[in-house]
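I have placed the structure first, in the form of structure tokens, so that the comments after it can refer back to it.
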Amino acid sequence: MREFLVSGLREHLAGEEVVVPVSLAAKWKTAVQMVALGCLIGAPVLNGAERAWTETAGLVLLWGAAALSV
């Protein structure tokens with residue numbers, strides 16, 4: 001929900017010619033979030049320890065992205 005609100009705010013402010021810069025932390029958060037989602041989406045096709053490791057890595061990365069978001 002946060003992503004939709006931030007995107008909507010950026011679009012609204014762009015109409016008023018107000019620039020909201022993107023921070024480096026925000027770019028890292030997005031990258032970590034995308035890798036986490038890739039792990040979580042791809043994990044079901046794996047078996048055994050590989051699946052468990054990938055799911056765990058995905059959850060840890062997702063929590064990391066949440067921490068970066070804060």
Side-chain angles (χ1 to χ4, degrees):
M1 190 64 178
R2 178 196 172 278
E3 298 300 323
F4 287 114
L5 291 173
V6 170
S7 295
L9 178 63
R10 284 183 186 281
E11 288 296 320
H12 174 73
L13 292 176
E16 297 180 16
E17 297 182 7
V18 176
V19 177
V20 180
V22 178
S23 69
L24 185 59
K27 290 182 180 283
W28 274 102
K29 190 257 325 172
T30 301
V32 170
Q33 194 173 32
M34 292 300 125
V35 172
L37 291 176
C39 288
L40 293 172
I41 291 170
V45 300
L46 301 173
N47 294 319
E50 294 163 344
R51 180 178 183 164
W53 183 88
T54 305
E55 286 175 345
T56 302
L59 289 174
V60 168
L61 289 169
L62 200 56
W63 278 106
L68 286 171
S69 182
V70 171

Original post:
Can you name the residues that form a salt bridge (Lys or Arg N to Asp or Glu O under 4.0 Å) with Glu50, not counting sequence neighbours?
Top reply: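 If we apply the salt bridge (Lys or Arg N to Asp or Glu O under 4.0 Å) test to Glu50, skipping adjacent residues, there are no hits.
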
Original post:
Can you list the residues that meet the salt bridge (Lys or Arg N to Asp or Glu O under 4.0 Å) rule with Arg10, with sequence neighbours excluded?
Top reply: none

Original post:
Between Leu9 and Val20, is there a shared hydrophobic cluster once you connect ILVMFWY residues whose side-chain heavy atoms come closer than 4.5 Å?
Top reply: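 The answer is yes; both residues are in one hydrophobic cluster.
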
Sort and list the pairs that fulfil salt bridge (charged side-chain N to carboxylate O under 4.0 Å, His left out) and have at least one residue in [range], not counting sequence neighbours.
range	value
residues 61-70	none
residues 54-70	Arg51-Glu55
residues 61-70	none

With [X] via side-chain contact (heavy atoms from CB on, under 4.5 Å) - residues at least two apart:
X	value
Ser69	Arg2, Lys29
Val18	Leu13, Glu16
Leu40	Leu59, Leu62
Val19	none

Original post:
Can you name the nearest heavy-atom pair linking Val32 to Leu61, along with the distance?
Top reply: CG1-O, 3.2 Å

Subject >> Nearest atoms (heavy-atom pairs only) where Gly58 meets Cys39 >> reply: CA-CB, 3.8 Å

